J.: 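Take this structure, written in C-alpha cells, and hold onto it; I'll ask about it next.
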Amino acid sequence: RHGAGATVHLGEVADWPEVPLQLGQVSGLALDSDGNLIIFHRGDHRWGLNSFDIQGRYQQRSFGPIQQSTILVVDPNKGSVLKASGRNMFYLPHGISTDKDDNYWVTDVALHQVFKLGNKDRPVVVLGEAFEPGNDRNHFCKPTDVAVDPVTGNVFVSDGYCNSRIIVFSPEGKFITEWGAGIRIPFSVPHSLVFLPDKRELCVADRENGRIQCFLAESGDFTKEIKKDEFGGKVFAVSYAPVHGGLMYAVNGRSGLSVPLQGFVVNYSTKEILDTFSPESQEFRMPHDIVVSRDGTVFVGDADTNSVIKFTETFVQAHLKP
Ligand SMILES: O=C(N[C@@H](O)C(=O)O)c1ccccc1
C-alpha cells in the first residue's frame, strides 16, 4: 500500500466520528463485508469489581438485560450509525466477530454464552447455559471472543477469564475439539482471537501472559509466539492484515510495569515491531479491541473511555541518505 522508502505511521483521525456515538463500555469491534464497523458495547451496564462472585457468577441479574442497542453498525468514514440492534438481550457484552456471511458471533461474560446472530431477532445458535459458568462442552466461564474459519465455517471460542482454553465448534455449534490445557504455560485470560486466512492459523491474545500465541487451525498445533517487552506484560487484543507477508495488530494493557498504552503493528514473519501508535486527542485508558480494514484503517475500542478511535496510515517519508 506504500512505496519503498516511505515508512508508515498510524495517526488518529481527529474528527471521527463526526457526531458523538452514545456508547457505554466498548468491549468488542468487528468489520462486515461492506467495510462497516460493528461496535459491541455495554450501554448503561459496567463490569465493576462486584459484578461477579468468587465462582464467576454474575451478581447483577436483577438489573435485567441492557435496554440500549448494544450492536451498532457504523459508517467507517463518517461514524454515523447505519443500524442499531441487540436490545434486551445482553448483560455484559464482550467479543464480537463476523463470519463470511456477515452473521455476528458474540460473547457475553455475564451469561457465559456465545451467540450466532443472523438477520432474525432470535439467535441462530446459542452455546453455553445462561448464567451458568462451567468448564465442559456446554459451559464456558466468561468467554471472551469468537473467530470463524472462512473456509470450514468452524467456530473458535476463547474461554475465557476463568478458563484457559480454545474450543472449536462446527458451524452449527457441535463440539469438535478444544486445546490449551496441555500447553507448557497455560493461557492466562485468552482474551481476543483472530483468524489468519492466508496462513489458516488462529492467533490468541493471551492477555495476562502478555503474549500472542498462534496455532494451526486444523490441528491446534502451536506455530508461533510473539512476546515483546514493549507490550509491558499485557496484550488485550489482536487483529491481522494478510498483506506484506502478514501484519499483526495488537493493543496492550495497563500493568504494574510503566510502559505506555499503545497499539502495535508487528511483522508476522520477523516479529519486528513496524509501528506503535496512540491517540493525540486523548489517552488510551483500556484499549479493549482492535480491527483493521482492507485499506489499512484501524479502529480501537476503549472500554474505559467508552469510545472508538480511528487511525489511518500516514506516510513518513524516510530521510533519504544525502
Ligand atoms: O478485565 C476486566 N474488564 C475488562 O476486560 C472488560 O471490561 O471486559 C475486569 C477484571 C476484573 C474486574 C473488573 C474488570
Side-chain angles (χ1 to χ4, degrees), residues 23-30 38-61 63 65-66 68 70-72 86 89-97 104-115 128 131 133 140-147 157-165 186-194 204-212 231-239 250-257 259 261-263 283-291 299-309:
L23 298 171
Q25 289 187 306
V26 177
S27 61
L29 298 178
I38 324 288
I39 302 173
F40 197 28
H41 73 105
R42 297 179 179 148
D44 59 4
H45 284 201
R46 285 189 56 73
W47 182 349
L49 291 170
N50 52 13
S51 299
F52 292 89
D53 71 6
I54 195 75
Q55 278 95 8
R57 289 182 187 283
Y58 183 56
Q59 299 296 293
Q60 289 148 353
R61 290 177 63 164
F63 291 2
I66 298 164
Q68 293 90 354
T70 57
I71 301 175
L72 304 180
M89 290 180 72
F90 304 111
Y91 290 76
L92 281 180
H94 201 275
I96 187 166
S97 300
Y104 300 158
W105 288 84
V106 300
T107 76
D108 183 310
V109 291
L111 287 167
H112 304 291
Q113 288 182 297
V114 175
F115 301 89
F131 299 114
F140 306 109
C141 192
K142 300 181 195 169
T144 53
D145 205 5
V146 183
V157 176
S158 41
D159 179 39
Y161 282 84
C162 27
N163 285 335
S164 302
R165 60 180 182 164
F187 296 129
S188 178
V189 188
H191 192 252
S192 167
L193 296 175
V194 62
V204 186
D206 185 8
R207 178 173 128 177
E208 301 301 304
N209 282 325
R211 64 181 184 179
I212 298 163
F231 291 166
K234 293 204 193 310
V235 177
F236 268 58
V238 283
S239 192
V251 283
N252 67 348
R254 200 174 301 291
S255 75
L257 308 172
V259 294
L261 290 185
Q262 55 190 352
E283 295 286 304
F284 277 148
R285 285 218 299 262
M286 188 190 282
H288 199 262
D289 202 1
I290 184 169
V291 289
F299 295 95
V300 175
D302 190 302
D304 221 354
T305 60
N306 295 0
S307 62
V308 177
I309 304 143

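Ligands are counted one by one from 1 in listed order, and the atoms in each one are counted from 1 as well. It should be emphasised that the depicted structure is a prediction, and the values quoted were computed from it without experimental measurement.
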J.: Restricting to side chain to side chain contact (heavy atoms under 4.5 Å, CB included), what partner residues turn up for V259, sequence neighbours left out?
T.: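 Once residues adjacent in sequence are excluded, the partners of V259 under the side chain to side chain contact (heavy atoms under 4.5 Å, CB included) criterion are N252.
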J.: Can you confirm whether or not the ring centre of H94 sits under 6.0 Å from the ring centre of Y161?
T.: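 Here the rings of Y161 and H94 have centres that are less than 6.0 Å from each other.
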J.: Give the residues near ligand 1 by chain and number, with the criterion being a heavy-atom distance under 4.0 Å.
T.: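 Around ligand 1, where the cutoff is 4.0 Å for heavy atoms, the contacting residues are R42, W47, G48, L49, H94, Y161, H191, R207, M286, H288.
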J.: Once side-chain hydrogen bond (donor to acceptor under 3.5 Å, both in side chains) is applied, do any residues pair with N209, and if so which ones, sequence neighbours excluded?
T.: D206
J.: Compare all side-chain heavy atoms of F90 with those of V106 and state whether any distance is below 4.5 angstrom.
T.: yes
J.: For the residue pair H112 and F140, is the inter-centroid distance of their aromatic rings smaller than 6.0 Å?
T.: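 H112 vs F140: aromatic centres not under 6.0 Å.
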J.: Could you work out, with side chain to side chain contact (heavy atoms under 4.5 Å, CB included) as the rule, every residue matching A237, not counting sequence neighbours?
T.: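 Partners of A237 by the side chain to side chain contact (heavy atoms under 4.5 Å, CB included) criterion, ordered by chain and then number, come out as S192, V251, D289, I290.
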